[in-house]
Number of protein chains: 2
Amino acid sequence: MQKIDHKDCQASLLPIRDAMDVINGKWKLLIYISIANGNSRFREIERSIPDISSKVLAKELKELEANQLIKRTVYDATPALVEYTATEYSKGLGDVLTALKDWGTRHRNQIMSKA
Amino acid sequence: MQKIDHKDCQASLLPIRDAMDVINGKWKLLIYISIANGNSRFREIERSIPDISSKVLAKELKELEANQLIKRTVYDATPALVEYTATEYSKGLGDVLTALKDWGTRHRNQIMSKA
DNA sequence: TACAGCAGTTACCTGTTGGTAAGCAGTTAA
DNA sequence: TTAACTGCTTACCAACAGGTAACTGCTGTA
C-alpha cells in the first residue's frame, strides 16, 4: 500500500492559496495586463477592458496597489492627473501570466472541440 | 508619441479570462492538487484540505470534472466506492501550478517583509 | 452657456460563494 | 445495539463580488 506524501501536498497548498488571494477575481489580471501594456490613465484603462465599470476598476486598482503590483502617482495639476504604472516587483508575475495565457488558449480549444 | 499596441493587449485578455474562469475561486486548485497528489476518495480529499466543507467540495468536484481536469469513477460496490483522479489532459496545468507556487512563495515574503 | 472629459464616489440591488448544521442509505466494527 | 464510516444532499444564511446608474468638482472646448 502506497503512502501519500501529504507534506508535499500541504507545501503546495499554502503558496498557491497566497497567489490566488492576489490574482483572484474576474478583473485583477486583466487590469494589470492593461497597465503593463502601457495604459496609465484611469479612463484609458477603463476603455481598454470591455465591460468593466468605474466602480469595480477603482476598487481593484486599490487592491493591486496594496499588493505592490502597480504604483499610483498623483501629479499636482488641475484637474488632477493620476498615473498607474506596473512596478518592477510586479514583473515577477511574468511566468504566471505566460503560463495562464498558454494554458487558457489550449483549454479553450479543448472545451470547444468536445462541445 | 508612442502608440500602445492594443492588439497585443487584447490578445492576452481573452485566454487569461478563459483560464481564470476555470481556476477561479478559493478551492478549485487546492482540490485539484490534492487529487493530483494521490488523494482519490471524497473523504480523503476533504480531510486533506483544511476547512473545506462537504458541500463546497461536492460542488467544486463537479466543476473540475466538467472542465475535464478530473475524472469521477464509480465502482459497483456496497457501500458505493467513488474515485477521483487527475486526467492526462490536466497535466497541462503543470506550468500554471509551478508558476503560481513559485510566485506565491516569493510574494508572501515580499508582503511580510514590508508589513 | 452647454457639453465633454478627468478621476473617481455613492447608493442600490442581485447573484454567487461559501459557511453551518443536519440528514440519508448502506456497511462495518465494538 | 450503538457508533462510525462511506459519498454525498438539503436547508438556511451571511458575506462579498460585481452590475447599474447617477453624481461630484474641476477644466477645456464649442
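Naming convention: chains lettered A, B, ... in sequence-line order (proteins, then strands); numbering from 1 in each chain.
- Within the 4.0 angstrom heavy-atom criterion, no nucleotide atom of any strand lies near B:Tyr75.
- The phosphate of C:dT9 has OP1 or OP2 within less than 4.0 Å of a side-chain N or O from A:Lys62.
- B:Ser34 places no side-chain N or O within donor-acceptor distance of the main-chain N or O of B:Asn39, the cut-off being under 3.5 Å.
- For A:Arg72, a side-chain nitrogen or oxygen approaches OP1 or OP2 of C:dG8 to under 4.0 Å.
- A search for side chain to side chain donor-acceptor pair (under 3.5 Å) contacts involving B:Ser90 returns B:Tyr32, not counting sequence neighbours.
- Rounded to an integer number of Å, the gap from CD of B:Glu60 to P of C:dT16 is 14 Å.
- Residues passing the salt bridge (charged side-chain N to carboxylate O under 4.0 Å, His left out) test with A:Arg43, sequence neighbours excluded: A:Glu46.
- If you check residues 16-23 of chain A against DNA chain C, you find no residue with a heavy atom closer than 4.0 Å.
- Ring orientation note: the planes of A:Tyr84 and A:Phe42 are tilted relative to one another, at an angle of 30° to 60°.
- Whole-Å rounding puts the B:Ile52 CD1 to C:dA21 P distance at 17 Å.
- When the P atom of C:dG18 is taken as reference, atom NZ of B:Lys26 falls 7 Å away, rounded to whole Å.
- Here B:Glu46 lies out of heavy-atom contact (under 4.0 Å) with every strand.
- Note on B:Trp27: every side-chain N or O is 4.0 Å or more away from OP1 and OP2 of C:dT16.
- To the nearest 0.5 Å, the span separating CG on A:Leu29 from CG on A:Leu93 amounts to 7.0 Å.
- Once rounded to the nearest 0.5 Å, the distance linking CG of A:Asn24 with CE of B:Met20 reads 5.5 Å.
- If you walk DNA chain D from 5' to 3' and mark each nucleotide with an atom closer than 4.0 Å to a heavy atom of chain A, the marks span D:dA17 to D:dT27.
- In this structure, CD1 of B:Ile31 is placed 13 Å from C1' of C:dT17, rounded to the nearest angstrom.
- Residue A:Lys55 places no side-chain atom within donor-acceptor reach of the base of C:dG8, judged by atom type and a 3.5 Å distance cut-off alone.
- Residues forming a side chain to side chain donor-acceptor pair (under 3.5 Å) with B:Arg108 (at least two apart in sequence, or on another chain): A:Asp18.
- Residues B:Asp51 and A:Tyr84 both approach DNA chain C. Their nearest nucleotides, taken by heavy-atom distance, put A:Tyr84 toward the 5′ side.
- In this structure, A:Arg106 has no side chain to side chain donor-acceptor pair (under 3.5 Å) partners at least two apart in sequence or on a different chain.
- Counting to the nearest Å, the C1' atom of C:dG26 and the CZ atom of B:Arg43 are 13 Å from each other.
- In this structure, the separation between CD1 on A:Ile16 and OG1 on B:Thr105 is 8.5 Å, given to the nearest 0.5 Å.
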